[in-house]
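Below, all heavy atoms of this structure are taken into account, side chains as well, without hydrogens, waters or symmetry copies. Convention: sequence-line order gives letters A, B, ...; per-chain numbering from 1.
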Number of protein chains: 2
Amino acid sequence: MSITIEDISKQLQISVSTVSKALNGYKDVSPKTRDLVVTTAKELGYQPNMAARNLRRGRTDKIGLLINNSIQYVSEYLGEVISGLALTAEEQGSNILLYTAVTEKSDILAICRNREVDGLIVIWSDVTDGTIDLIHSEGIPFVVYGRRVESDEISYVAPDNYNGALVVTQHLIELGHEKIAFTTRPELGTTNEDRFAGYTDALIDAGIPIRPEYIIETKIESGSGYKAMQELLRLPDRPTALFAIHDLLAVGAMRCAQEQGLNIPVDIAIAGFDGLLPSMTTKSEITTVKQPLQDMAQKSMEMLLSRIDQGSTEAKQITYPTELIIRAST
Amino acid sequence: MSITIEDISKQLQISVSTVSKALNGYKDVSPKTRDLVVTTAKELGYQPNMAARNLRRGRTDKIGLLINNSIQYVSEYLGEVISGLALTAEEQGSNILLYTAVTEKSDILAICRNREVDGLIVIWSDVTDGTIDLIHSEGIPFVVYGRRVESDEISYVAPDNYNGALVVTQHLIELGHEKIAFTTRPELGTTNEDRFAGYTDALIDAGIPIRPEYIIETKIESGSGYKAMQELLRLPDRPTALFAIHDLLAVGAMRCAQEQGLNIPVDIAIAGFDGLLPSMTTKSEITTVKQPLQDMAQKSMEMLLSRIDQGSTEAKQITYPTELIIRAST
DNA sequence: TTCACGACCGAAAACGATTTCGGTAAAATA
DNA sequence: TATTTTACCGAAATCGTTTTCGGTCGTGAA
């Protein structure tokens with residue numbers, strides 16, 4: 001059995017209340033007994049039982065990280081985000097509890113109600129399934145990470161998808177491209193909308209007409225980037241550039257183009273979005289728009305924690321600027 | 001306030017004991033009242049308070065994931081490992097609690113003693129700091145992930161570093177190389193030893209002498225792969241191949257060689273280890289030895305959970321085969 | 001009819017902390 | 001000296017479960 005507060009109280013012939021108070025910095029305990037308690041606690045190697053403390057305090061100092069498993073390229077994304085979240089949480093005395101295999105709505109209800117966490121960071125790409133509204137209706141503090149949410153009652157931290165898409169498209173235009181294709185991904189919801197809007201606005205601003213045949217809708221499945229490029233290359237009037245809505249699609253498209261013997265970026269320029277794939281070599285790097293994943297992680301965690309501490313309920317919505325990274329592919 | 005077991009007991013005019021027993025599948029409650037309890041619990045949206053349950057049961061159904069933050073390329077490694085761990089944990093009704101910013105030994109003691117988790121998965125690259133022994137002496141169930149440990153009292157799941165290094169070196173030899181360099185990383189401890197042993201044994205088996213000037217010791221810092229290659233290229237008798245102890249070093253070395261105008265793999269072949277960098281394009285891929293991160297994660301979690309359930313204390317040590325992935329760099 | 005035995009239920013004791021509330025003694029004030 | 005304040009401490013309630021231990025009631029067997 002571990003050492004409890006009672007062990008200390010017995011050894012010192014002092015009540016448990018006093019021991020607890022001494023350990024927790026209450027004022028109504030003399031310096032002498034406080035020292036005594038603290039030193040013997042250290043001696044015995046006492047560590048408070050968290051379950052008991054949580055029960056009594058009605059707080060767990062834990063933040064749940066809710067991730068839907070249908071997220072694409074979880075691995076690349078996750079590592080950076082998680083380490084950012086965990087670090088700032090732990091700085092403020094909280095830990096992160098992972099919920100990755102949540103599929104049922106009842107599980108989400110359980111998480112919200114069982115008081116296992118003080119709040120949630122939600123990374124959820126599915127838009128249509130009402131999960132976020134469900135969480136919101138439960139009243140647990142939470143912040144949505146990485147995605148804009150329509151409702152203004154909900155806090156989120158998201159990259160500036162519109163501007164990022166605008167800038168990268170302008171970059172392609174500046175390179176002389178006018179036939180610029182774009183791959184969409186409707187499941188991404190607001191993210192898709194914003195990046196698409198950035199793309200079209202850049203074209204419109206430059207007086208370039210938008211050609212529907214250059215806009216390819218992709219699905220969540222591997223090889224969809226490859227297929228999209230195949231489709232584009234079949235066109236009688238091929239595009240000279242592609243802006244893929246995210247890097248994995250760009251990579252697939254690149255592979256397809258290379259296999260067709262095309263020279264990148266001479267025959268076709270390719271840009272992506274997200275910027276999480278590490279650049280492996282100096283060659284073959286892909287132009288992209290980089291999200292500040294770490295900063296966003298830190299910010300969202302700070303927002304959540306301060307909201308929990310202050311019990312405030314007002315929603316904050318923050319957008320982070322993105323960074324255009326120009327590499328060999330354009 | 002949330003719904004408690006007492007709310008149900010009041011509404012049904014039944015004792016809390018019976019409610020609890022009905023909910024937990026005890027036999028000494030009639031089917032009728034059981035149904036009644038279960039349905040009204042669902043009606044009221046009852047979810048058990050975890051802190052209370054944990055306190056009473058002396059168990060939390062949580063697994064701590066202890067990661068030392070000095071791990072190199074955490075992000076790439078982490079994502080895949082964590083999702084593997086979390087998935088198998090959640091399948092068995094446990095969740096993962098993250099400890100990433102642990103630096104003090106006292107923090108580790110706190111984790112072991114505060115009963116916040118039932119066990120630990122330890123990902124700790126530092127060998128010399130005695131952390132693992134400390135955890136072991138605390139008696140909490142734990143499994144070391146990704147690394148062989150000397151002591152046979154400690155459970156671990158590790159890749160077969162020796163064989164992986166042996167095979168990749170043999171691969172280089174088969175390609176006709178005899179001047180094969182190797183970059184070491186002493187901080188990696190047993191991992192370093194095993195890969196080094198694989199390298200030397202492959203050379204010895206082939207009757208190739210081991211040349212000390214081809215063995216470069218690298219430190220934990222970015223650019224060390226680049227520097228190692230610089231050093232090698234300064235040699236009067238340059239090596240024709242390099243086996244880097246991990247991929248990041250290989251990437252750095254590759255970049256250096258390319259900048260020097262060398263053709264890979266004609267002028268110099270390069271192989272790495274780990275296989276976690278995603279292959280971005282068909283070109284510029286790097287030969288490597290892939291660790292089965294996901295399988296190892298699943299296995300280590302299963303080992304830990306069964307050990308917790310059965311209270312067994314015997315240590316299991318499992319080594320996973322690696323896979324040689326031959327790509328363009330050799 | 002009596003006794004034993006299940007089936008079913010409730011009271012109450014944990015689990016280990018926090019926190020309120022009151023009480024005693026010493027110190028300060030009148 | 002009498003009274004109030006202050007400093008310090010302890011008893012006990014509380015958080016929401018789980019689990020042990022009896023107790024009651026009805027049914028079957030003797």
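Each of dT17(D), dT19(D), dG16(C) was ranked by its minimum atom distance to the side chain of Y26(B); first place goes to dT19(D). When distances are taken from the side chain of R53(B) to each of dA12(D), dT17(D), dT19(D), the shortest belongs to dT17(D). The side chain of R57(A) sits closest to dT18(C) out of dC9(D), dT17(D), dT18(C). Checking dG10(D), dT19(D), dT18(C) against every side-chain atom of I5(A), the shortest atom distance belongs to dT18(C). When each of dT19(C), dC21(D), dG16(D) is scored by its nearest atom to the side-chain atoms of R56(B), the top-ranked nucleotide is dG16(D).
Between the NZ atom of K21(A) and the C1' atom of dC9(D) there is a distance of 6 Å, given to the nearest Å. In this entry the distance linking CG of L55(A) with P of dG16(D) reads 7 Å, nearest Å. Protein atom CG of L23(A) is 15 Å distant from nucleotide atom C1' of dT19(C), rounded to whole Å. Here dC15(C) presents its C1' atom at 16 Å from CE of M50(A), a figure rounded to the nearest Å. Computed from coordinates, the R59(B) CZ to dT19(D) P distance equals 12 Å when rounded to whole Å. One atom, CG of L12(B), and another, P of dG10(C), lie 10 Å apart when rounded to the nearest Å. Taking atom CD of Q13(A) as the reference point, atom P of dA11(D) lies 11 Å away to the nearest angstrom. Rounded to whole angstrom, the span from the CG atom of L36(B) across to the P atom of dC8(C) amounts to 15 Å.
Using a 4.0 Å heavy-atom distance criterion, S20(B) is classed as a base contact. At the heavy-atom level, N54(A) lies nowhere under 4.0 Å from the strands shown. Nucleic acid contact class of S17(A) (heavy atoms, under 4.0 Å, all strands): base.
Counting non-hydrogen atoms of other residues, nucleotides and ligands closer than 6.0 Å to NZ of K10(B) gives a total of 12 or fewer. For K21(B), the NZ atom counts as densely surrounded, since its 6.0 Å shell holds more than 12 non-hydrogen atoms of other residues, nucleotides or ligands. Counting non-hydrogen atoms of neighbouring residues, nucleotides and ligands closer than 6.0 angstrom, the CZ atom of R115(B) reaches no more than 12 such neighbours.
One finds no side-chain N or O of N49(B) lying less than 4.0 angstrom from the OP1 or OP2 phosphate oxygen of dC15(D). The phosphate of dG10(C) has OP1 or OP2 within less than 4.0 Å of a side-chain N or O from T18(B).
For the residue pair Q298(A) and E302(A), a side-chain donor N or O sits within less than 3.5 Å of a side-chain acceptor on the partner. Side-chain polar atoms of N54(A) and T60(A) form no donor-acceptor pair below 3.5 angstrom. Side chains of T319(B) and R148(B): no donor on one and acceptor on the other come within 3.5 Å. Side-chain contact check for T33(B) and S30(B): at least one donor-acceptor pair (N or O, by modelled atom type) lies under 3.5 Å.
Here the closest non-hydrogen pair linking T18(A) and I14(A) is CB-CG2, 3.5 Å. Of all heavy-atom pairs spanning F142(B) and V122(B), the tightest one is CD1-CG2, 3.8 Å.
Separation of atoms CD1 (I111(A)) and CD1 (I140(A)) is listed at 8.5 Å; rounding is to 0.5 Å.
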Are there any protein N/O atoms within less than 3.5 Å of an N/O atom in nucleotides 22-24 of chain C, and if so, which ones and at what distance?
none

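In DNA chain C, runs of at least 3 consecutive Watson-Crick or G-U pairs, each pair with both distances below 3.5 Å, span C:4-27 with D:4-27.
No N or O donor and acceptor, one from the side chain of K27(B) and one from the base of dG6(C), sit under 3.5 Å apart.
Residue order along DNA chain C, read from the 5' end via each residue's closest nucleotide, puts T33(B) first among A52(B) and T33(B).
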